[in-house]
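Position 1 is the first residue of the sequence, and the numbers go up from there.
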Amino acid sequence: MKMLILYTLQHLTVDGICGAALAAYAVNEFDYEQIVFYFGIYNLIAFGGQAAAGFFLDKHQNFLRASFLVSLICLGVGTLPVAGIFAQAIFLGVGNCLFHVTAGRIVLQNYSSFKALGLFVSSGAIGLAAGLNLLIDAKIFLIAYAVLTVLVLAKFQEPEISDVQISETGLSLPLIFCSILLLSCVIMRGFGGGGSSSEYVMLFPIIFAAGKFLGGVCCDKFGWQNTILLIFLLGFLSLQFVGLVPLIILTLSFNMTMPLTLRLLHACSPAYPGMIFGLAAGCLMPGAFFHEKITIAVQAMVVIQFLILFAAWKIFRKCSLTTI
């Protein structure tokens, strides 16, 4: 549990470093297209590179320690304005990418509970919001991440095989189809999980974090099958009213799916936790790049999300994996 808390705090500081460093550039840049361009480079590397980096770490687990250190070095360079914004965007993207697949891989493999996964993924939104709003300087986040990395490496142990139930037949066609369904659910969360947070500095990031953790807690307590129904009911309830509270409930429900989809994706392909974590992260990119160009009715998102997760449950039941 102590290591899980360290990974969670690392997650907060890493996203805080990236958010603060990019925001420090953006406040002094008058060309909006340039801001979008460099943020785009960062996102392409940070999210788009995770699947490949995760696959490499799955094949070369002995590089996990080194990956933490390389991540720290890259993020350090990324906070230096003297390097130039182009180099900063690249180094921040690489540092973010390496941390997420390294720590994410370890958490997926070493902790079988949904709650542990929900706790780990929850902190990033808070760190990112604090950084983007320049509430905490990138250098402070970097120092904190350096200290946390030293503590992690001092206590680091090789990941153990999770006790999550694994299919003896390997990755069958039904599980491949199930993986596609779950990844499409992640894509939709990329469009709908953020809510309308522009008017609030920290409220919605806290809701994002709370939703991810709550989703993990509910899966452990009530079972992930019942949590799917709970998420749908919360989403449906929120659509019956107008105002801040219904928006909070809707945002909460969308974010509750994160630990659920990640854990089920890992169960579909337990031999590749790094790649799975990276694929899920990469599926958030469409929402980051096209959220202003592609609009999906919220009512449709709530229903489609439920149908996707329900279909995943049916496939898992067919593959005798309902005890996960």
Check: Taking the side chain as C-beta and beyond, is there a heavy-atom pair between Lys59 and Tyr272 under 4.5 Å?
Finding: yes

Next item on the list: Could you grab the distance from atom CE of Met188 to atom CD1 of Ile304, nearest 0.5 Å is fine?
Entry: 5.5 Å

Next item on the list: State, to 0.1 Å, how close Thr261 and Cys185 come at their nearest heavy-atom pair, and which atoms those are.
Entry: CG2-SG, 4.1 Å

Check: In terms of hydrophobic clustering (I, L, V, M, F, W, Y; side-chain heavy atoms under 4.5 Å; direct or indirect links), are Leu214 and Leu237 co-clustered?
Finding: no

Donor-acceptor list for residues 71-91 side chains, cut-off 3.5 Å, not counting sequence neighbours:
residue: Ser71; atom: OG; partner: Gly95; partner atom: O; Å: 2.8
residue: Ser71; atom: OG; partner: Tyr145; partner atom: OH; Å: 3.1
residue: Thr79; atom: OG1; partner: Gly76; partner atom: O; Å: 2.7
residue: Gln88; atom: NE2; partner: Gly78; partner atom: O; Å: 2.7

Notebook entry, point to check: Does a sphere of radius 6.0 Å around CZ in Phe56 hold more than 12 heavy atoms from other residues, nucleotides or ligands, not counting ones at 6.0 Å or beyond?
Noted result: yes

Margin query: Working note: Gln299 + Val302, criterion side-chain contact (heavy atoms from CB on, under 4.5 Å); need CA distance, chi angles, decisive distance, verdict.
Written below: CA-CA 5 Å; Gln299 297 88 336; Val302 171; 6.0 Å; no

Notebook entry, point to check: Are Val303 and Leu307 side-chain neighbours, meaning at least one heavy-atom pair lies under 4.5 Å?
Noted result: yes

Notebook entry, point to check: So do the side chains of Ser269 and Leu175 get within less than 4.5 Å of each other, counting heavy atoms only?
Noted result: no

Next item on the list: Without swapping roles, check the side chain of Asn96 against the backbone of Leu92 for a donor-acceptor pair under 3.5 Å.
Entry: no

Margin query: Can a donor-acceptor pair be found, under 3.5 Å and without considering hydrogens, that links the side chain of Ser122 to the backbone of Leu119?
Written below: yes

Checklist line | Validation row: Leu173, Phe177 side chains within 4.5 angstrom (heavy atoms) | finding: no

Notebook entry, point to check: Do Lys155 and Met3 have side chains that get closer than 4.5 Å, going by heavy atoms?
Noted result: yes

Item checked: Inter-residue atom distance Ile249.CD1 - Leu234.CG, 0.5 Å rounding -> 7.0 Å

Next item on the list: Check the hydrophobic clustering (I, L, V, M, F, W, Y; side-chain heavy atoms under 4.5 Å; chains of links allowed) and say if Leu239 and Leu309 are grouped together.
Entry: yes

Next item on the list: Specify whether Phe204 and Phe208 have parallel, tilted or perpendicular ring planes, treating 30° as the upper limit for parallel and 60° as the lower limit for perpendicular.
Entry: tilted

Item checked: Hydrophobic cluster membership, Tyr111 vs Ile5, 4.5 Å side-chain cutoff -> yes

Next item on the list: Go through the steps to decide whether Leu279 and Gln50 satisfy the test side-chain contact (heavy atoms from CB on, under 4.5 Å), and finish with yes or no.
Entry: CA-CA 7 Å; Leu279 282 174; Gln50 285 192 38; over 6 Å; no

Note to self: Test side-chain contact (heavy atoms from CB on, under 4.5 Å) on Arg105 and Phe277; report intermediate values, then the result.
What the structure shows: CA-CA 7 Å; Arg105 181 191 191 283; Phe277 194 95; 5.9 Å; no

Next item on the list: Please answer whether the main-chain N or O of Leu230 pairs with a side-chain N or O of Thr227 as donor and acceptor at a distance below 3.5 Å.
Entry: no

Margin query: Give me the atom names and distance for the closest heavy-atom approach of Ala26 to Phe39.
Written below: CB-CE1, 4.2 Å

Item checked: Inter-residue atom distance Ser238.OG - Leu247.CG, 0.5 Å rounding -> 8.5 Å

Next item on the list: List the atom of Ile45, the atom of Val94, and the distance in Å for their closest heavy-atom pair.
Entry: CG2-N, 3.5 Å

Margin query: Counting neighbours of OH on Tyr38 that are heavy atoms of other residues, nucleotides or ligands and sit closer than 6.0 Å, is the number greater than 12?
Written below: yes

Next item on the list: Could you tell me whether the side chain of Asp137 and the main chain of Lys139 form a donor-acceptor pair under 3.5 Å?
Entry: yes

Checklist line | Hphob cluster co-occupancy, Leu244 + Val242, side-chain heavy atoms under 4.5 angstrom | finding: no

Margin query: Looking at Lys115, is its backbone amide N or carbonyl O close enough to the side chain of Asp220 to form a donor-acceptor pair, meaning the two atoms are under 3.5 Å apart?
Written below: yes

Checklist line | Asp58 (side chain) donor-acceptor with Met275 (main chain) under 3.5 angstrom | finding: yes

Item checked: Test item: Leu233 and Leu229 side chains (from C-beta on) under 4.5 Å apart, heavy atoms -> yes

Note to self: Before we go on, tell me: are the rings of Phe316 and Trp313 under 6.0 Å apart, centre to centre?
What the structure shows: no

Next item on the list: Report yes if the side chains of Val14 and Phe141 come closer than 4.5 Å at any heavy-atom pair, otherwise no.
Entry: no

Notebook entry, point to check: How would you list, by chain and number, every residue that makes a ring-ring contact (aromatic ring centres under 6.0 Å, His included) with Phe120, sequence neighbours excluded?
Noted result: His11

Margin query: Does Gln240, at its CD atom, have more than 12 non-hydrogen atoms belonging to other residues, nucleotides or ligands within less than 6.0 Å?
Written below: yes

Next item on the list: Indicate, with yes or no, if Ile17 and Leu69 share a hydrophobic cluster defined by side-chain heavy-atom contacts under 4.5 Å among Ile, Leu, Val, Met, Phe, Trp and Tyr.
Entry: yes

Note to self: If we ignore hydrogens and angles and just use 3.5 Å, is the side chain of Thr257 paired with the main-chain N or O of Ser253 as donor and acceptor?
What the structure shows: no

Check: Closest heavy-atom contact between Cys268 and Pro270?
Finding: C-CD, 3.7 Å

Check: Would Asn255 and Ile207 count as a side-chain contact (heavy atoms from CB on, under 4.5 Å) if you check the C-alpha gap in whole Å, the side-chain angles of each, and the deciding distance to 0.1 Å?
Finding: CA-CA 8 Å; Asn255 282 277; Ile207 299 302; 5.8 Å; no

Checklist line | Spacing of Ile308 atom CD1 and Ile228 atom CD1 [to the nearest 0.5 Å] | finding: 11.0 Å

Note to self: On a heavy-atom basis, which atom in Ser112 and which in Arg263 lie closest, and how many Å separate them?
What the structure shows: O-NE, 3.6 Å

Next item on the list: Of all the heavy-atom pairs spanning Leu260 and Cys219, show the shortest one and how long it is.
Entry: CD1-SG, 3.8 Å

